[in-house]
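Heads up, the thing below is written out as structure tokens.
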Amino acid sequence: MATIQPVKGTRDFYPEDLAFRRWLYEHIRTVSESHGYQEFDGPFIERLELYAAKSSEELVKEQSFVFADRGGDMVALRPELTLSLARMVAQRSKSLPQPIRWWSFGPFWRYERPQKGRSREFFQWNIDLVGVESPQADAEIASIGAAFFRAVGLGPRIIRILVNDRRLAERQLEQAGIPARLWPGVFKLIDRRDKLSAAAWSAYALETGLDAGQLSSLQHILEDTEAWRTSPEMVAFFAAAEALGSSEYLAYDPTVIRGLDYYTGTVFEARDTAGEHRAILGGGRYDNLVADVGGERLPGTGFAMGDVVLGLVLASAAALPTLRTSPSVVLVTNFDTTTQQASLILCQTLRAGGLQAEWYPEPGRIPRQLKYADRLGIPVAAILGPDEVQAGKLTLKHLPSGRQITCTQAEAVLRIQELIGH
RNA sequence: GUGGCUGUGGCUCAAUGGUAGAGCGCCACACUGUGGAUGUGGACGUUGCGGGUUCGAGCCCCGUCAGCCACCCCA
């Protein structure tokens, strides 16, 4: 029978895949909560107008799953969370205690061609600090990213968080005599710098409307790795990061600009230092966003990290965890029809004792049952054959060590806990 | 949306236009009450789909679908 194809760009989460996602979620939760952030979530569908002209024109027009609901309203599967967050904050800006520290982990959808590190349905960690304008708030957010990388075993030699500030960049462009109307094009130009050859990039720059002098100034700006010292915000940012212990992950990079239109200040992205993968996370300061969705003006800062690229980076760094997919710590064998009843009772006793226990659901050869336990990584097999039933005992086999003991049923829970080292 | 590459057992891949194979995995047995190791044997295929060329197509041609990769954009 031909199987029906899954929807393009979606992923199936088999137990081992879900185990990884859960592992990720647990690290994200731990790091977020250790900084006092509260978990929240928004709806998976929003009205299209929430996104229109506030994130990026292409993101909304070309890369969102958009459809009319039965009432004729245009809605979108959420392509990002920040606007839902802004909307939720705007709705309760008078009553929510501020500053607001919120995090979330959930699914997002973008209608684009799937490729390496990019799928149409992906999971994303969002973390935001709203109501604070200080560079220290930006430093806290970036440092949470660093703390996460440290927690999952990705050290500063593998990951770097590259930081810039749009306010600084705009000042530099102004000083270079580049008129403000060219800035959007110039930002795009900066973004493309490492994708084009030097000659092609220069040609593209002239097309953007820069003259030779402005281009030369721009090149100086992009090579000046000390320019952050002229920015009070950047200086304060790096000082706070130092205190937060994340300095070794952070570096000023004048070529980082970020594509989303709503960023107003600090911007940053995490990359693997080998340059093998896409950006792992991206974020920055968005001081007008809450006002843009109808609230009072509230500054905010935050980032988003997708699960797909992170998985690739972990794989490259040989840092993927090995995870058990079966929750069972003990398999109760099903020797034959004469012992079935006793096996079921034993299994239920083990559960009552707090152990995750499963029962082989049909009588069968013991080798087969042990092999099953072995393949699932179940550490203990409780063997209950006619001999054991008659003696009122049972045999416990610890599969990783091959050790085997005999005990009474009353002792079983304790003995199993000893075997698995609890 | 544009371009490139690739579709063959469950997986990874072979097969000068001439009999569809291997390794891994799976199953059985050796070992009928002990998994992993070893050996022996076994099952599993309309070669993505549709058409064309040919005496003959997994291979060549056209179409189509899917996957991957790059561009675009971005997590």
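Within every chain, numbering begins at 1; the chains are lettered A, B, ... in the order of the sequence lines, protein sequences first and strands thereafter. Values below: all heavy atoms of this structure, side chains included; hydrogens, waters and symmetry mates excluded.
Under 3.5 Å, the side chain of A/Gln63 and the base of B/A75 form no donor-acceptor pair of N or O atoms. Between the side chain of A/Arg278 and the base of B/A75, no donor-acceptor pair of N or O atoms lies under 3.5 Å. Scanning atom types as modelled, no donor and acceptor separated by under 3.5 angstrom connect the side chain of A/Gln369 and the base of B/U34.
At least one side-chain nitrogen or oxygen of A/Gln115 sits closer than 4.0 Å to the OP1 or OP2 atom of B/A70. Put simply, A/Arg368 has a side-chain N or O that comes within less than 4.0 Å of OP1 or OP2 on B/A28. For the pair A/Lys371 and B/C27, the criterion of a side-chain N or O lying under 4.0 Å from OP1 or OP2 is met. Contact annotation: A/Lys8 reaches the phosphate of B/G67 (side-chain N/O to OP1 or OP2, under 4.0 Å). The phosphate of B/C69 has neither OP1 nor OP2 within less than 4.0 Å of any side-chain N or O from A/Arg113.
In this structure B/A70 sits in a base pair with B/U2, meeting the Watson-Crick or G-U test at under 3.5 Å. Partner assigned to B/A28 is B/U40, using Watson-Crick or G-U wobble distances below 3.5 angstrom. When both pairing distances are held under 3.5 Å, B/C13 makes a Watson-Crick or G-U pair with B/G21. Of the nucleotides present, none pairs with B/U54 by Watson-Crick or G-U wobble criteria with both distances under 3.5 Å. In this structure, B/G63 forms a base pair with B/C49, meeting either the Watson-Crick or the G-U wobble geometry with both donor-acceptor distances under 3.5 Å.
Ring planes of A/Trp103 and A/Tyr25: tilted class, angle from 30 to 60°.
Heavy atoms of A/Thr82 sit nowhere under 4.0 angstrom from any nucleic acid atom. A/Pro400 comes within 4.0 angstrom of a nucleotide base, judged by non-hydrogen atoms across all strands. Residue A/Ala373 is classed as having no contact, given no heavy-atom separation below 4.0 Å to the nucleic acid. Within 4.0 Å of A/Arg271, counting heavy atoms only, lies no atom of the nucleic acid at all. Counting any heavy atom pair closer than 4.0 Å across all strands shown, A/Glu269 reaches no nucleic acid atom.
A gap of 15 Å separates the C1' atoms of B/C62 and B/A57, to the nearest Å. When the C1' atom is compared between B/G9 and B/C26, the two are found 11 Å apart, to the nearest whole Å. Rounded to whole Å, the separation between the P atoms of B/G10 and B/G3 comes to 34 Å. As rounded to the nearest Å, B/C11 and B/G52 have P atoms that lie 30 Å from one another. For the C1' atom pair drawn from B/C29 and B/A43, the interatomic distance equals 14 Å after rounding to whole Å. Comparing the same atom, C1', in B/A22 and in B/C44 gives a spacing of 15 Å after rounding to whole Å. Here the separation of B/A15 from B/U34, taken at their P atoms, is 45 Å to the nearest Å. B/C68 and B/C31 have their P atoms separated by 48 Å, with the value rounded to a whole Å.
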Protein-nucleic acid N or O pairs under 3.5 Å, nucleotides 31-33 of chain B:
unit_1: B/G33; atom_1: O6; unit_2: A/Asp387; atom_2: N; d: 2.8
unit_1: B/G33; atom_1: O6; unit_2: A/Asp387; atom_2: OD1; d: 3.1
unit_1: B/G33; atom_1: O6; unit_2: A/Asp387; atom_2: OD2; d: 2.7
unit_1: B/G33; atom_1: N1; unit_2: A/Glu388; atom_2: OE1; d: 2.7
unit_1: B/G33; atom_1: N1; unit_2: A/Glu388; atom_2: OE2; d: 3.3
unit_1: B/G33; atom_1: N2; unit_2: A/Glu388; atom_2: OE1; d: 3.4
unit_1: B/G33; atom_1: N2; unit_2: A/Glu388; atom_2: OE2; d: 2.5

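Relative to the six-membered ring of A/Tyr111, A/Arg120 meets both conditions, a distance below 6.0 Å and an angle of at most 45° to the axis.
A donor-acceptor contact closer than 3.5 angstrom is absent between the side chains of A/Gln124 and A/Arg78. With hydrogens and angles left out, the side-chain atoms of A/Gln369 and A/Arg365 include no donor and acceptor closer than 3.5 Å.
Distance CG (A/Asp191) to P (B/C73): 7 Å, rounded to an integer number of Å. Atom CG of A/Leu281 and atom P of B/A75 are 10 Å apart (whole Å). In this structure, CZ of A/Arg120 is placed 11 Å from P of B/C68, rounded to the nearest angstrom. Atoms NE2 (A/His277) and C1' (B/A70) sit 16 Å apart, rounded to a whole Å. Atom pair A/Glu276:CD and B/A70:P shows a separation of 11 Å (rounding to whole Å applied). Across the protein-nucleic acid pair, A/Lys116 atom NZ and B/C5 atom P stand 20 Å apart, rounded to whole Å. Atom pair A/Arg258:CZ and B/C73:P shows a separation of 13 Å (rounding to whole Å applied). B/G36 atom C1' lies 18 Å from atom CZ of A/Arg403, rounded to whole Å.
Put simply, A/Tyr372 does not rest on the base of B/G35: the two rings are not both less than 5.5 Å apart at their centres and under 30° in tilt.
When each of A/Asp165, A/Thr301, A/Asp138 is paired with A/Arg285, the side-chain hydrogen bond (donor to acceptor under 3.5 Å, both in side chains) condition holds for A/Asp138 and for no other.
Summarising the local packing, CZ of A/Arg375 is surrounded by 12 or fewer heavy atoms from other residues, nucleotides or ligands at distances under 6.0 Å. Counting non-hydrogen atoms of neighbouring residues, nucleotides and ligands closer than 6.0 angstrom, the CD atom of A/Glu223 exceeds 12 such neighbours.
Between A/Gly402 and A/Arg375, the one whose closest nucleotide on RNA chain B sits nearer the 5' end is A/Arg375. Ranked by how close their nearest RNA chain B nucleotide is to the 5' end, A/Val7 and A/Gln124 are led by A/Val7.
A salt bridge between A/Arg101 and A/Glu140 is present, with a side-chain N of the basic residue lying under 4.0 Å from a carboxylate O of the acidic one.
Looking only at side-chain heavy atoms (C-beta outward), A/Arg47 and A/Asp73 come within less than 4.5 Å of each other. With a 4.5 Å cut-off on side-chain heavy atoms, A/Val163 and A/Thr266 count as touching.
In this structure, A/Asp128 contributes its side chain and A/Trp102 its backbone to no donor-acceptor pair below 3.5 Å.
If you check B/C73, B/A75, B/U34 against the side chain of A/Lys188, the one that comes closest is B/C73.
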